[in-house]
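Reminder, nothing fancy here: chain letters follow the sequence lines and each chain counts from 1. Values reported hereafter were calculated over all heavy atoms of this structure, with side chains retained and with hydrogens, waters and symmetry mates removed.
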Number of protein chains: 2
Amino acid sequence: MSELHVLTTGEAARYCGVNFRTVIRWIERGQLKAYKLPGRGDHRICVEDFVGFLRDNSMPVPSELAAASRKVLLLASDPELTAAGRQALQQVGCDVEVAGDSFVAGTLMAGCKPALMVIDANLVGVNGFQILDHLRSRSEYANVRVVVIAPAGERDQQRWLNAGADALVAHPGERSELAAKVKLLLEV
Amino acid sequence: MSELHVLTTGEAARYCGVNFRTVIRWIERGQLKAYKLPGRGDHRICVEDFVGFLRDNSMPVPSELAAASRKVLLLASDPELTAAGRQALQQVGCDVEVAGDSFVAGTLMAGCKPALMVIDANLVGVNGFQILDHLRSRSEYANVRVVVIAPAGERDQQRWLNAGADALVAHPGERSELAAKVKLLLEV
DNA sequence: GATATAGTTGACAGGTATGACAGGTTAAAT
DNA sequence: ATTTAACCTGTCATACCTGTCAACTATATC
């Protein structure tokens, strides 16, 4: 079942540093969409509506709410691979963020809450296994899907799967392969 | 849930002995980051941004606000250094988060919004210069203070300063040195 | 040292959204 | 079933917004 994620006025108020009365007034004015419960008239705000409202008013969006299901983080530095990957991912409707090193990847992981991460295993200075380990050991990242771009036919392939990778793509050019696997993983 | 701690223009003005009109002008000029409420256009200033602004202009930081941003991120993996560093930092009242690699450091930087970061320059697999570059080039991280633990008497020391480090500590043991410099940077 | 000039700040006024409070009710937790 | 905690409504004082103008500060020039 699809669990509807909603907020109360109090929660919304705390998220934007405001009194709950003010949130109710925003709703009354029609600036923020919400529905009412029959009993006391409690307001419930769908997270999507709330995030949209925050964006419309250029207010900061709390990272735990930003979870956009089509956001993908690509960790790669080779310009060719980066460009090809971005294009392939955008073609299947993804919102792509690119990181060139582990640190930036980390900031984007925590800041943008992507649903999926693509790691170029050949990237020097990046330990993909370490990253995967960390993701799998943290509940807040445990269900981020991970696709690894790794040379075909090596024993590493099995290592990646054991470490928790959701899919492997045999190196570079196969942009259609990447796109297909990402699409599949995001649709489940 | 992440509760947003924010200030109004009036509060910010009182904190730095200034007219609220002036605070608004700082915001309009882009010197102080803030967002607006949809109604009357009230400004809300995140405490971290405000403290960063105060530090950037060497204005005194009120203790009750400094307490809110005493969070420090320690990037190190050597167990001895990690333990010593954590202890030293806690002794000067810091709230310490430890990362063992760049990726984790990135997630903590974006997730915990530390006011200061300590980087062990000897950590293999970590390019501190790259991290520093990234911090300095992003407005949201630009006023995070950075202390580097680097071997004394090398030409690297100057490179670190040029790259934007706020202070250097000559390698390991000198825990009192680390604590003192961190304390200084957080209090100015 | 005195004067001119540009830029920043503070004061004031009119308008209005926001926060605080109180009394009542229900949703949620146990 | 009971208790606790959070939400609702209405009202009022407060604090914030905008715009304008005078006062102040810093810098440059004579």
Report the nucleotide, chosen from [options], that has the shortest atom-to-atom distance to any side-chain atom of [X].
X	options	answer
A:W26	C:dA27, C:dT8, C:dT18	C:dT18
A:T22	D:dA6, C:dT8, C:dT18	C:dT18
B:R25	C:dA17, C:dG19, D:dC21	D:dC21
B:H43	C:dA27, D:dC17, C:dG19	D:dC17
A:N19	D:dC16, C:dG10, C:dG19	C:dG19
B:T9	C:dT9, D:dC17, D:dC7	D:dC17
A:R44	C:dT18, C:dA28, C:dG10	C:dA28
A:D42	D:dC8, C:dT18, D:dT9	D:dC8

Does [X] use its side chain to pair, donor to acceptor, with the backbone of [Y] at less than 3.5 Å?
X	Y	answer
A:K181	A:L168	yes
B:Q157	B:P151	yes
A:Q90	A:Q87	no

Rounded to the nearest Å, what distance is computed from the [atom1] atom of residue [X] to the [atom2] atom of nucleotide [N]?
X	N	atom1	atom2	answer
A:I27	D:dC7	CD1	C1'	12 Å
B:Y35	D:dC16	OH	P	14 Å
A:L32	C:dA17	CG	P	17 Å
A:E11	D:dA5	CD	C1'	13 Å
A:R14	D:dA5	CZ	P	14 Å
A:E28	C:dA17	CD	C1'	13 Å
B:L37	D:dC16	CG	C1'	10 Å
B:I24	C:dC12	CD1	C1'	14 Å

Taking atom types as they are modelled, is there a donor-acceptor pair under 3.5 Å from the base of C:dT16 to the side chain of B:R40? yes

N/O donor-acceptor pair, side chain B:R21 with base C:dT8, under 3.5 angstrom: no

Between A:R136 and A:D166, is there a salt bridge with N-O shorter than 4.0 Å?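 A:R136 and A:D166: salt-bridged.
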
To the nearest 10 degrees, how far apart in direction are the end axes of the helix from C:dG1-D:dC30 to C:dT30-D:dA1, each fit to five base pairs?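 Taking the rotation axis at each end, their angle is 70°.
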
Hey, what's the ring geometry for B:W160 with B:F129, parallel, tilted or perpendicular (30° and 60° as the breaks)?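 Parallel, since the angle between the ring planes stays under 30°.
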
B:K36 side-chain N/O to C:dA17 phosphate OP1/OP2 under 4.0 Å: no

Show the nearest heavy-atom pair for residues A:V126 and A:S102, with the distance to one decimal. CG2-OG, 3.5 Å

Taking for A:F20 and for B:R29 the nucleotide of DNA chain C with the nearest heavy atom, the one nearer the 5' end belongs to B:R29

Where each residue is assigned the nucleotide of DNA chain C containing its nearest heavy atom, which of B:G39 and B:G17 is assigned the position nearer the 5′ end?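 Final value for this comparison: B:G17.
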
Does any part of the side chain of A:D101, heavy atoms only, come nearer than 4.5 Å to the side chain of B:N127, both counted from C-beta?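 No, every pair of side-chain atoms sits at 4.5 Å or beyond.
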
So, do A:V23 and A:H43 sit near enough that their side-chain heavy atoms are less than 4.5 Å apart? no

